[in-house]
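Values reported hereafter were calculated over all heavy atoms of this structure, with side chains retained and with hydrogens, waters and symmetry mates removed. Throughout, protein chains are lettered first and strands after them, A, B, ... in sequence-line order, and every chain is numbered starting at 1.
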Amino acid sequence: MKNSTIRVRFAPSPTGPLHIGGVRTALYNYLFARKNGGSFILRIEDTDQNRFVPGAEEYIVEAFNWCGIEFDEGVTKGGEFGPYRQSERKEIYRQYADRLIETGHAYYAFDTAEELNKLRQQFESEKKTFTYDAEQRKHLKNSLTLSKSEVEKILNDDSQYVVRFKMPEDQLIIMEDEIRGRVEVNTGVLDDKILFKSDGMPTYHLANVVDDHLMKISHVIRGEEWLPSLPLHVSLYDAFRWDKPKFAHLPLLLKPDGKGKLSKRDGDRLGFPVFPLQWTDPKSGETSRGYREDGYFPEAFINMLALLGWNPGDEREFFNMEELIEAFSIDKVGKSGSRFDQEKANWFNHHYLVEKSNEELSDLFLLVLKSKNIDPGKKNIAFIMGLVKERVNFVSELWEQSSFFFKAPNEYDPQTVKKRWKTDSFGQMQELISILEPVTDFTSDNTENTVKTWIEQKEYGMGAIMNAFRLLIVGAAKGPHLFDIIEVIGKKETLDRMHKGLEVLGKKEAN
RNA sequence: GCACCGUUCGUCUAGCCAGGUCAGGACGCCAGGUUUUCAUCCUGGUAACACGGGUUCAAAUCCCGUACGGUGUACCA
């Protein structure tokens with residue numbers, strides 16, 4: 001059942017790949033919408049033509065697809081409030097900018113970018129900051145200072161102009177944030193922001209407010225970087241005499257070490273992805289790694305991300321999307337920024353990998369084998385997966401934990417040789433070969449029985465025998481239950497490896 | 001500089017709004033146990049209320065200040 005009054009949106013600008021902070025913002029919006037039976041809208045904020053990057057919008061859509069975050073309305077879905085790309089809504093914004101001018105809440109400004117830059121520099125040299133505010137606008141070239149006829153002349157001359165918001169003077173703006181509570185700002189410290197650019201496009205502030213109103217957005221859930229412009233947005237709603245949505249400003253994701261927010265560079269430097277999917281910049285050709293390509297499962301990625309800045313209030317840690325929706329609440333979102341922790345992300349991936357069925361894992365592992373040109377033969381891959389999956393965090397690590405199922409060791413770990421290949425080992429292993437040679441039933445249980453009986457009869461040390469045996473079969477002190485391994489590789493391969501091992505390691509002299 | 005936001009173990013966090021618990025959990029790390037090895041797993045341990053003042057019988061919790069951090073201060077979003 002839909003609650004038509006609850007409507008939230010995620011509104012990225014297509015300037016490149018989506019950062020995981022953006023994914024988290026979208027996730028919280030999605031969870032909030034689902035939890036409350038509302039709608040989730042994807043709107044593309046492409047009002048900056050200079051920063052537009054081809055492929056970015058497709059990337060965003062694909063990333064959400066991979067994550068399992070679904071939209072009800074938006075660029076790929078359509079809907080009754082479209083178009084959902086701001087560049088296609090150009091004309092709408094002009095009307096609203098005009099309306100603000102008519103009602104005296106905005107004005108035309110004719111100062112060029114160069115003129116303003118000059119002013120900024122001049123102010124800076126006097127250790128002051130230039131702001132286009134109530135004081136400064138009195139001395140600048142705009143429809144407040146110029147006569148009506150002059151303004152009309154410039155406008156008709158096809159000269160460039162922008163529309164600026166006329167920020168009210170000395171007014172206390174009181175805002176309510178769902179996460180932070182009451183926030184107060186005096187308009188005296190605010191400037192007259194540009195609402196409409198000279199290229200005919202609106203700025204974020206105008207487009208955002210107009211669209212949120214027109215699209216009947218009930219809750220604006222966005223990153224904390226927008227909190228400083230909330231007073232402007234609130235003033236805009238007031239100027240239009242529109243009802244305001246509720247606002248929630250999410251804390252930022254911080255770099256794992258040092259200062260500042262998480263950036264692409266940190267990922268490169270510390271070796272973890274900052275983007276959900278791999279991305280190749282169309283201009284520089286530079287490629288950035290992605291969680292998907294690095295082998296994270298989407299459910300692990302989402303689980304990890306959801307808990308970075310939010311928690312259910314109890315001690316649960318594992319959530320699938322459905323459980324997240326059930327548990328989510330905006331007032332359990334924290335106020336302070338969180339540092340990304342790769343160890344914990346890997347731990348989540350481990351958990352989800354172990355939870356996967358052996359069959360599902362074999363499908364993934366078969367791809368790994370194929371890429372290595374390994375023929376799995378008739379081996380029961382699912383069984384092997386069951387033996388090794390608990391030892392890895394990623395599918396890509398499965399090979400090093402299971403390669404000995406597919407090929408004989410070509411070297412013997414020196415550490416293990418030193419520790420486990422004793423003076424008696426050579427003879428004992430020769431003896432073991434003769435014990436195994438007549439065995440026809442090579443199932444794990446049977447070989448285990450046979451070997452253990454032999455060990456007991458001879459009163460050999462269990463550890464000594466098994467470790468030497470493992471060294472010959474695996475080449476190192478690792479791997480699952482040894483009798484399971486030899487069942488998989490079979491009798492011939494087992495004996496072959498033993499012979500070869502004896503040849504290579506030889507008899508260790510007593511010292 | 002100015003404005004706003006924030007600050008509990010190394011990290012993610014519970015507790016704060018409605019003051020009174022040895023400040024709880026998880027990751028990591030360390031130790032022990034299980035095991036033929038490694039890993040898993042189990043048990044235990046390590047470690048935090050930024051600082052200073054105030055209010056109060058009592059402050060992580062309420063108030064003020066300081067420090068530190070974050071964001072913003074573009075014809076970017």
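- A straight line from CH2 of A/W226 to P of B/A77 spans 7 Å, rounded to a whole angstrom.
- Base pairing of B/C76 is not made with any nucleotide, judged by Watson-Crick or G-U wobble geometry with both donor-acceptor distances under 3.5 Å.
- If you check every strand for non-hydrogen atoms under 4.0 Å, A/L307 touches sugar and phosphate atoms only.
- A/T129 comes within 4.0 angstrom of a base, heavy atoms only.
- Shown are A/Y352, A/Y296, A/F318; of these, the ring-ring contact (aromatic ring centres under 6.0 Å, His included) with A/W347 is made only by A/F318.
- Here the nucleotide nearest the side chain of A/D341, chosen from B/U11, B/G24, B/U71, is B/U11.
- The phosphate of B/A14 (OP1 or OP2) has a side-chain N or O of A/N311 nearer than 4.0 angstrom.
- Side chain of A/V185, nearest nucleotide from B/C4, B/C27, B/U71: B/C4.
- Between A/L253 atom CG and B/U11 atom P there is a gap of 15 Å when expressed in whole angstrom units.
- Counting to the nearest Å, the P atom of B/C76 and the NE2 atom of A/H205 are 11 Å from each other.
- Not one side-chain nitrogen or oxygen of A/K335 sits closer than 4.0 Å to the OP1 or OP2 atom of B/G70.
- Where A/R180 and A/W347 meet RNA chain B, the nucleotide closest to each residue was compared, and A/R180 sits on the side nearer the 5' end.
- To the nearest 0.5 Å, atoms OG1 (A/T131) and CZ (A/R120) are separated by 9.5 Å.
- Side-chain contact annotation: A/D445 with A/T443, donor-acceptor N/O pair under 3.5 Å absent.
- Among B/U37, B/C4, B/C75, the nucleotide with an atom closest to any side-chain atom of A/K478 is B/U37.
- Between A/D48 and A/R51, at least one side-chain nitrogen of the basic residue sits less than 4.0 Å from a carboxylate oxygen of the acidic one, meeting the salt-bridge criterion.
- Proximity note for A/K344 (side chain, C-beta onward) versus B/C4, B/A26, B/U37: the nearest is B/A26.
- Between A/F247 and A/H249, the ring-plane angle classifies as parallel under the 30° and 60° cut-offs.
- As a whole-Å value, the separation of A/L230 CG from B/U71 P is 18 Å.
- Backbone-only engagement by A/K261 is indicated by non-hydrogen atom pairs under 4.0 Å involving sugar-phosphate atoms exclusively.
- Taking the C1' atoms as reference points, B/C64 lies 25 Å from B/A23, given to the whole Å.
- Rounding to whole angstrom units, OH of residue A/Y132 and C1' of B/G72 are separated by 21 Å.
- Aromatic pair A/W310/A/Y28: centroids not less than 6.0 angstrom apart.
- Counting non-hydrogen atoms of neighbouring residues, nucleotides and ligands closer than 6.0 angstrom, the CD atom of A/E184 exceeds 12 such neighbours.
- In summary, A/E323 and A/R316 do not engage in a salt bridge, as defined by a charged side-chain N under 4.0 Å from a carboxylate O.
- When both distances must be under 3.5 Å, the Watson-Crick or G-U wobble mate of B/U37 does not exist.
- Nucleic acid contact class of A/E184 (heavy atoms, under 4.0 Å, all strands): sugar-phosphate only.
- Residue-level contact check: A/K419 touches neither bases nor backbone, having no heavy atom under 4.0 Å from any strand.
- Residue-level contact check: A/R51 touches the bases, meaning some heavy atom is under 4.0 Å from a base atom.
- To the nearest whole angstrom, the two P atoms, one in B/U40 and one in B/C22, are 35 Å apart.
- Nucleotides B/G44 and B/U21, compared at atom C1', are 22 Å apart to the nearest Å.
- A ring-centre distance under 6.0 Å is not found for A/Y59 and A/F275.
- Under 4.0 angstrom from either OP1 or OP2 of B/C5 there lies no side-chain N or O belonging to A/S336.
- Among the protein residues, A/D111 comes within range of the nucleic acid bases, having at least one heavy atom under 4.0 Å from a base atom.
- Two rings, from A/Y161 and A/Y108, have their centers less than 6.0 Å apart.
- Atoms CG (A/N467) and C1' (B/U35) sit 11 Å apart, rounded to a whole Å.
- Nucleic acid contact class of A/P231 (heavy atoms, under 4.0 Å, all strands): none.
- If you check every strand for non-hydrogen atoms under 4.0 Å, A/R339 touches sugar and phosphate atoms only.
- Across all strands shown, the partner of B/C62 is B/G54, judged by Watson-Crick or G-U wobble contacts whose two distances both fall under 3.5 Å.
- A 3.5 Å limit on both hydrogen-bonding distances identifies B/G70 as the Watson-Crick or G-U partner of B/C4.
- Rounded to whole Å, the separation between the C1' atoms of B/A59 and B/G15 comes to 13 Å.
- As the counterpart of B/C22, no nucleotide is assigned, since no Watson-Crick or G-U wobble pattern has both distances under 3.5 Å.
- Using a 4.0 Å heavy-atom cutoff across all strands shown, A/G181 reaches no nucleic acid atom at all.
- In this structure, CD of A/E390 is placed 14 Å from C1' of B/U34, rounded to the nearest angstrom.
- Across all strands shown, B/A48 forms no Watson-Crick or G-U wobble pair with both key distances under 3.5 Å.
- Across the protein-nucleic acid pair, A/L232 atom CG and B/C76 atom P stand 14 Å apart, rounded to whole Å.
- OP1 or OP2 of B/G72 has not a single side-chain nitrogen or oxygen of A/K193 nearer than 4.0 Å.
- Counting non-hydrogen atoms under 4.0 angstrom, A/S229 reaches nothing in the nucleic acid.
- Here B/G24 is the nucleotide among B/G24, B/U37, B/A77 with the atom lying nearest to any side-chain atom of A/E315.
- Place A/W310 and A/K452 on RNA chain B by their nearest nucleotides, and A/W310 ends up nearer the 5' end.
- Candidate nucleotides B/A26, B/G70, B/C75 were compared by shortest atom distance to the side chain of A/E317, and B/A26 ranks first.
- Using Watson-Crick or G-U wobble geometry with both donor-acceptor distances under 3.5 Å, B/G32 finds its partner in B/C42.
- The side chain of A/S13 lies closest to B/A77, out of B/G70, B/A77, B/U73.
- Among the nucleotides B/C76, B/A14, B/U11, the one closest to any side-chain atom of A/K332 is B/A14.
- Taking atom P in both B/G20 and B/C62, the straight-line distance is 11 Å, to the nearest Å.
- The partner of B/A14 cannot be assigned: no Watson-Crick or G-U wobble pair with both contacts below 3.5 Å exists in any strand.
- B/G53 and B/U61: their P atoms are spaced 14 Å apart (whole Å).
- A close approach under 4.0 Å does occur between a side-chain nitrogen or oxygen of A/R120 and OP1 or OP2 of B/A74.
- Residue A/V162 is classed as a base contact, given a heavy-atom separation below 4.0 Å to a base.
- Under 4.0 angstrom from either OP1 or OP2 of B/C76 there lies no side-chain N or O belonging to A/T203.
- Nucleic acid contact for A/G334: none, since no nucleic acid atom lies under 4.0 Å from a heavy atom of the residue.
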